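To start, the structure itself, in structure tokens.
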Amino acid sequence: MKLKNNNAATASSGVPPKAVIVRIAPSPTGNLHVGTARTALFNFLFAKHNGGKFLIRIEDTDLERSKKEYEKDILEGLEWLGITSDEPVMRQSDRLEIYGKYAKQLIAKNLASEVDGAVILKNAQTEISFNDLIRGEIKFEDVPSELVILKSDGTPTYNFAVVIDDYEMGITHVIRGEDHISNTPRQILVIEALGFNRPQYIHIPMILAPDRSKLSKRHGATSLLEYREKGYLPQAMFNYLALLGWNPGTEQEIFSMAELIKVFDIAKIHKGGAIFDEKKLEWVNKQHINLLSPEEKIKIIAQEFDVKKIPELDTEKICWKDTSSEETLEHLIESKKIIENGDDLMPYAEREGKGNVLWPVRYALSGEEKSPDPFTLIAILGKDESVKRIEKAIESLSQK
Ligand code: GLU
């Protein structure tokens, strides 16, 4: 006997019938939230896994709340993760005429009417159900009999604009947060009135705080770029976000983007909420740091540690513990010679006592008591600048 199976399980098996086209459709009413970044990432992985397209659409029809600076933050955050649109970014505010055109079609077909300048879609159905690739069939029994599609100021409502844009962009799969489940039947009403085909729907679980409440500011950073400021690697963030509500079903936790694209299987997205755990993110970040080459590590340290300027040297701080100024001076002079010759400082430091030698050299190079080790600093600064800085320390110390 052949079993008929229409639900999630078939989503992963077999190639999707049409070329996959998906999108992320952020509203620029705030900075890029980690939840939106994760939704973008699932869309991106799904598109790339299937050789399809990933598109970005800015939903900026709420003219009062939408801000260009938020749009910039969103696009910058996505780009930092390596998520870019396969076509020019679309903006709803550029498309107001198009929404008007579709509204007129509905009025002409007597499916919508104008009331006080607004356009309202009429609906005779009371029930709508749709298939969600993760959740199976979802049924709504209280479908509204009227739906505003254009407001009196001529701007479209969210549920109207989404349908038209998804249609015109050829979106095959709508992958978005489960907070949009209740919008889906309204969008289906518009789809049916306009005679479009339904996309596949995939509603993904929300990101929660460790106490399972909605992730908010009080739990820490919710804006993606705050994690860049904190020094996380984009590839670590990408890896961590991919694991929020999804896993490949193996023990592997550390992935490159290419590996994730290869193994990403939309049917393995979880139904339950995903907990954002910064400790875990830190761990993932460490693993990615370990994967870097020494040159890449130094580049990252250089970005984080400001080596451009050097504070006034405090001659009290140059000397290690109770090493005398005279001794320290001697070590600095010798170290300078070694560095100038391009030789390794370590044998000398080992002979004279690591602290005695490496502490003043490090302090001379960074002007700080806390900084990367002198070898890293020399690599960042280069020989000439390192020698110059040590000379300056020698000068300060000999004037003492
Ligand atoms: N503008 C909506 C949001 O930011 C998009 C929802 C959708 O993907 O349809 O949540």
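In this chain, residues are counted from 1 in sequence order. When a ligand or atom number is given, it counts from 1 through the structure's own listing order. It should be emphasised that the depicted structure is a prediction, and the values quoted were computed from it without experimental measurement.
The nearest protein atom to atom 8 (O) of ligand 1, hydrogens excluded, is given as Arg23 NH1, 2.6 Å; this is a heavy-atom distance. The protein heavy atom nearest to atom 10 (O) of ligand 1 is His180 NE2, 2.8 Å. Looking from atom 1 (N) of ligand 1 to the surrounding protein, the closest heavy atom is Glu59 OE1, 2.6 Å. Closest to atom 5 (C) of ligand 1, if we only count protein heavy atoms, is Ala25 O, 3.1 Å.
Judged purely by atom type and a 3.5 angstrom limit, Arg135 uses its side chain to pair as donor or acceptor with the backbone of His203. Not one N or O on the side chain of Ser152 forms a donor-acceptor pair closer than 3.5 Å with the backbone of Gly117.
Counting heavy atoms of neighbouring residues, nucleotides and ligands inside a 6.0 Å radius, atom NZ of Lys109 exceeds 12 of them.
Listed by number with element, the atoms of ligand 1 under 4.0 Å from a non-hydrogen atom of Arg176 are 7 (C), 8 (O), 9 (O). Below 4.0 Å from some heavy atom of Ser27 lie the following atoms of ligand 1, by number and element: 1 (N), 2 (C), 3 (C), 4 (O).
Taking a 4.0 Å cut-off on heavy atoms, Gln187 fails to register as neighbouring ligand 1.
To the nearest 0.5 Å, atom CD1 of residue Ile21 and atom CE of residue Met169 are 9.0 Å apart.
In this structure, Arg198 forms no cation-pi arrangement with Tyr201, as its terminal cationic atom is not both closer than 6.0 Å to the ring centre and no more than 45° off the ring axis.
Just one residue in the list Thr184, Asn43, Asn183 forms a side-chain hydrogen bond (donor to acceptor under 3.5 Å, both in side chains) with Arg176, and that residue is Thr184.
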